[in-house]
2 protein chains.
Amino acid sequence: MIKENLKKYVVLEDCPVRNVLDRVGDKWSILVITILGEAGTLRFNELNAIIGTISQKMLTVTLKTLEADGLISRKIYPQVPPRVEYTLTPLGESLLPAMSLLVDWALENMPAIKASREKYSNQKELV
Amino acid sequence: MIKENLKKYVVLEDCPVRNVLDRVGDKWSILVITILGEAGTLRFNELNAIIGTISQKMLTVTLKTLEADGLISRKIYPQVPPRVEYTLTPLGESLLPAMSLLVDWALENMPAIKASREKYSNQKELV
DNA sequence: CAGTATCCATCCAGATACTG
DNA sequence: CAGTATCTGGATGGATACTG
């Protein structure tokens, strides 16, 4: 029966897939990974300045989560004032191809999606 | 200056990328797209039964959003009781390769991520 | 069958202020 | 410089009951 077979995706979703996509889906992770992927290594305040619209708190949370997942590494230089540098780990780098494919898809198809959204909301208004 | 150059990602993020990834990031969209991608066409209650843990409300919301984005199409058969069928549009199908790359990455690297998370939380406890 | 409508708990992101 | 701590409004997701 086809429906029973399809349930495998639900299981997948619970364990590894949704776990990973929670990161992909949150507001800042992809941006941070993309930027680190291109820049190589950046300090906390450099990331903060590049993104501009992120709060210190969210940048801290995002970096900690990505570090916990093993996607970025955090290097502390014992200085005053402190210097902390962030870099993608090999695991983080291995995510770049999949992410850029998604980003490319988004860039390419955003016009179509936008047009569809407008068409849809106009239809709703007419009802 | 390298930092100014990197800001392009922030702009990208605001407009098309984050818009699309909001869908990827929500709780059910990827699952629905994946299932429809394999099944071809399904009715509302078939999807409901396959996923099992989704509420009617969230399935409705998810399907409406995907329809508004032009990723799935909704076909109503004027019967009593009603019959509504959902299918991926070509736009929705074009998203499948990027998504499956991401899903594959998740499956392959989940063990590493899990190990990293445990190591990280153990470190925290020792402090 | 395929939804709507309503209420509710929780999470999330941002603003602000403070610190080793 | 690189964070932490606290508070708050709003969005998100789920449970339940009802309906054309």
Side-chain angles (χ1 to χ4, degrees), chain A residues 3 10 13-14 18-19 21-32 35-36 39 41-69 72-87 120 123-124 127, chain B residues 3 10 13-14 18-19 21-32 35-36 39 41-69 72-87 120 123-124 127:
Chain A
K3 290 166 207 169
V10 182
E13 192 73 4
D14 261 0
R18 188 174 292 162
N19 255 291
L21 295 200
D22 278 351
R23 299 292 168 271
V24 177
D26 84 10
K27 206 172 174 185
W28 302 107
S29 291
I30 293 192
L31 186 53
V32 168
I35 289 174
L36 283 180
T41 298
L42 288 173
R43 300 176 63 172
F44 184 90
N45 269 3
E46 288 176 327
L47 277 165
N48 201 356
I50 290 167
I51 300 176
T53 55
I54 195 173
S55 65
Q56 271 191 323
K57 175 190 157 190
M58 289 320 296
L59 183 54
T60 303
V61 170
T62 303
L63 290 170
K64 276 208 176 135
T65 309
L66 292 176
E67 189 199 356
D69 283 2
I72 65 175
S73 68
R74 183 168 178 272
K75 187 171 183 189
I76 310 158
Y77 294 83
Q79 307 174 351
V80 177
R83 173 188 190 88
V84 181
E85 287 182 349
Y86 295 93
T87 318
Y120 187 85
Q123 281 172 357
K124 291 287 153 179
V127 177
Chain B
K3 291 165 207 168
V10 182
E13 191 72 6
D14 262 359
R18 188 174 295 164
N19 255 292
L21 295 199
D22 279 351
R23 299 293 168 270
V24 176
D26 83 11
K27 206 172 174 187
W28 302 106
S29 291
I30 293 192
L31 185 55
V32 168
I35 289 173
L36 283 181
T41 297
L42 290 172
R43 299 176 62 173
F44 184 90
N45 269 4
E46 288 176 327
L47 276 165
N48 202 356
I50 291 166
I51 300 179
T53 54
I54 195 173
S55 64
Q56 271 191 323
K57 175 191 158 189
M58 287 321 296
L59 184 54
T60 303
V61 169
T62 303
L63 290 170
K64 277 210 174 133
T65 308
L66 292 176
E67 189 199 357
D69 283 2
I72 66 175
S73 69
R74 183 168 178 271
K75 187 171 181 185
I76 310 159
Y77 295 84
Q79 306 175 351
V80 177
R83 173 188 189 87
V84 182
E85 287 182 349
Y86 294 92
T87 318
Y120 187 86
Q123 282 172 357
K124 291 286 153 180
V127 176

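Predicted model only: the values in this text are computed from it and were never measured. Below, read A as the first sequence line, B as the second, and so on, with proteins coming before strands; counting in each chain starts at 1.
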CD1 of I30(B) to CD1 of I35(B), rounded to nearest 0.5 Å, is 12.0 Å
So which nucleotide does dA11(D) pair with, by the Watson-Crick or G-U wobble rule with both distances under 3.5 Å? dT10(C)
Give one of base, sugar-phosphate or nothing for Y77(B), where a contact means two heavy atoms less than 4.0 Å apart. nothing
Opposite nucleotide pairing with dG20(C), Watson-Crick or G-U, both atom distances under 3.5 Å: dC1(D)
How close do L36(A) and Y86(A) get, counting heavy atoms only, and between which atoms? CD2-O, 3.5 Å
Could a donor-acceptor pair under 3.5 angstrom be found where the side chain of K57(A) meets the base of dA13(C)? yes
Side-chain contact test, heavy atoms from C-beta onward, threshold under 4.5 Å: evaluate it for L31(B) versus I54(B) and give yes or no. no
Closest non-hydrogen atom pair, Q56(B) against F44(B): O-CZ, 4.0 Å
Rounded to the nearest angstrom, tell me the gap between atom CG in D22(B) and atom P in dC12(C). 14 Å
Between L59(A) (CG) and dC12(C) (C1'), how many Å, whole number? 16 Å
Closest to the 5' end of DNA chain C, once P82(A) and R74(B) are matched to their nearest nucleotides, is R74(B)
Between C1' on dC11(C) and CE on M58(B), what's the gap in Å once rounded to a whole number? 14 Å
Working to the nearest 0.5 Å, report the span between CG of N48(A) and CG of L42(A). 11.5 Å
Can you give the first and last nucleotides of DNA chain D, 5' to 3', that have an atom under 4.0 Å from a heavy atom of chain A? dC1(D) to dT6(D)
Non-hydrogen side-chain atoms of S29(A) and L66(A) separated by less than 4.5 Å: yes
